[in-house]
Protein chains: 2
Amino acid sequence: MTMSAPAAPTSRQVDSTLQRDNTTPQRVIGEAVNLSAPAVQRRIRRMEEAEVIQANVAMIDPAQVGQPITIFVEVEVEVISETAELIDAAKREFAAVPEVQQCYYVTGEADFVLVVVVPTMTAYETLTRRLFFGNNNVKRFRTFVSMDRVKVGLAVPLSG
Amino acid sequence: MTMSAPAAPTSRQVDSTLQRDNTTPQRVIGEAVNLSAPAVQRRIRRMEEAEVIQANVAMIDPAQVGQPITIFVEVEVEVISETAELIDAAKREFAAVPEVQQCYYVTGEADFVLVVVVPTMTAYETLTRRLFFGNNNVKRFRTFVSMDRVKVGLAVPLSG
DNA sequence: AATGAAATGAGAGCGCG
DNA sequence: CGCGCTCTCATTTCATT
């Protein structure tokens, strides 16, 4: 055996690099994890097939492409409506809206949390009319307008 | 013969592609927007310099790397504490925490909205002790545990 | 079974017209 | 902006452990 410790999560180190900058050459990643470029590539390929790596994307600044407003919305649906079918329908409806950047089905004082990106407050108001006021199953929603995107990203903590 | 270019927002079309898959060859993007590969490259380079494109990243599935729990947290700070300095300190503190994937400073019934990614509820409880109970400026926080990541991403709507 | 070294090929990066 | 080149990097092959 070699003297270098297995340091088990080599793939995690690769992920850690890629989720910061996926244009990093395999050669460079290999140097960091003591592996050759082809070995690194094999790991990446496997993780893409296993959908550990779900996508490779560019992060766009919304403000610079005419979509300066980010809003969080908590959505509460009618208790009587909380059948599996209606929840699934709501999931599909929210997910299909381009302005809905993120949608989570949650426990707690709300049922859904949405992250909405829009160009203007008017556009948001129009969206609320369509999605919430126009949906009898929506009991209430709370709006939180972002004043500062303090930290943005999809990076998963990969220390341990 | 070439078709005339479709109006203005060619760069938006490029962005639209890249935020879906930034491994798309410039050649392919060029075909879609009726531009040569070098022209596409120049646009990408300009947008990276202008930070319209802020980063190129791999999306990792948290559940497959031992971080299956996503939580939304609304944080409310003491009214008396809402000085610019204390708000900025809070921003820096939250942003520095690896488990805090996203942090927004917001208007409405809360001051901050956090997206937290953790391996276990125990880890979340530990984090709350450190970040919230251990901070006298935090008046209250509400927790929303995600049961389903219905839609995830950073894609900005780029239709209009 | 996974790796590394070398060969191949595709794509990015630049200068030119 | 498009066309060409060059060069880096991704990808494949193959021998090795």
Side-chain angles (χ1 to χ4, degrees), chain A residues 1-61 64-66 153-156 158-160, chain B residues 1-61 64-66 153-156 158:
Chain A
M1 68 169 64
T2 67
M3 42 128 192
S4 70
T10 300
S11 292
R12 298 293 162 84
Q13 292 178 255
V14 176
D15 284 338
S16 181
T17 299
L18 293 179
Q19 78 174 347
R20 200 180 64 80
D21 179 7
N22 72 353
T23 69
T24 309
Q26 296 165 354
R27 173 90 179 122
V28 174
I29 299 174
E31 288 164 6
V33 300
N34 293 315
L35 233 49
S36 67
V40 171
Q41 198 202 37
R42 271 289 198 243
R43 282 168 190 267
I44 293 174
R45 185 189 181 85
R46 273 199 285 268
M47 290 192 288
E48 283 174 345
E49 284 170 356
E51 289 179 312
V52 176
I53 296 173
Q54 299 184 304
N56 289 286
V57 303
M59 280 180 55
I60 307 295
D61 181 358
Q64 290 208 55
V65 292
L154 295 172
V156 178
L158 292 177
S159 308
Chain B
M1 82 178 187
T2 69
M3 308 243 294
S4 67
T10 301
S11 291
R12 298 294 160 81
Q13 293 178 257
V14 176
D15 284 338
S16 182
T17 300
L18 292 180
Q19 77 175 345
R20 201 180 62 81
D21 179 7
N22 72 354
T23 69
T24 309
Q26 296 165 354
R27 171 93 175 115
V28 174
I29 299 174
E31 287 165 7
V33 300
N34 292 315
L35 234 49
S36 68
V40 172
Q41 194 193 43
R42 285 177 194 125
R43 281 167 190 269
I44 294 173
R45 184 187 181 85
R46 275 187 233 125
M47 290 193 287
E48 283 173 345
E49 284 170 357
E51 290 180 310
V52 175
I53 297 173
Q54 300 184 304
N56 288 286
V57 302
M59 280 181 55
I60 307 294
D61 181 357
Q64 290 208 55
V65 293
L154 295 173
V156 178
L158 292 177

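Here is how names work: the chains are called A, B, and so on, in the same order as the sequence lines, proteins then strands, and each is numbered from 1.
One finds a side-chain N or O of Gln26(A) lying less than 4.0 angstrom from the OP1 or OP2 phosphate oxygen of dT11(D). Between Arg43(B) and the phosphate of dC1(D), there is a side-chain N or O to OP1/OP2 separation shorter than 4.0 Å. Taking only side-chain nitrogens and oxygens, Gln41(A) comes nearer than 4.0 Å to OP1 or OP2 of dT11(D).
Side chains of Glu48(B) and Asn56(B) form a contact here, defined as non-hydrogen atoms less than 4.5 Å apart. Leu18(B) places a side-chain heavy atom less than 4.5 Å from the side chain of Ile29(B).
Between Asn22(B) atom CG and dC9(D) atom P there is a gap of 17 Å when expressed in whole angstrom units. When rounded to the nearest whole Å, the span between CD1 of Ile29(B) and C1' of dA12(C) equals 12 Å. Regarding Glu31(A), its CD atom lies at a distance of 14 Å from the C1' atom of dG4(C), rounded to whole Å. Remark: P of dT11(D) and CZ of Arg27(A) are 16 Å apart, rounded to the nearest angstrom. Remark: P of dC9(D) and CD1 of Ile44(A) are 14 Å apart, rounded to the nearest angstrom. Distance, Asn34(A) CG to dT3(C) P: 13 Å, rounded to whole Å.
Checked against dC14(C), dA10(D), dG2(D), the side chain of Arg45(B) finds its nearest nucleotide in dC14(C).
Here the shortest heavy-atom pairing between Ser16(A) and Leu158(A) reads N-CD1, 3.7 Å. Counting all heavy atoms, side chain and backbone alike, Gly30(B) lies closest to Val40(B) at CA-CG2, 3.6 Å.
For dG2(D), the base has a donor-acceptor partner in the side chain of Arg42(B) [N/O atoms by modelled type, under 3.5 angstrom].
Residue Pro38(A) is classed as a base contact, given a heavy-atom separation below 4.0 Å to a base.
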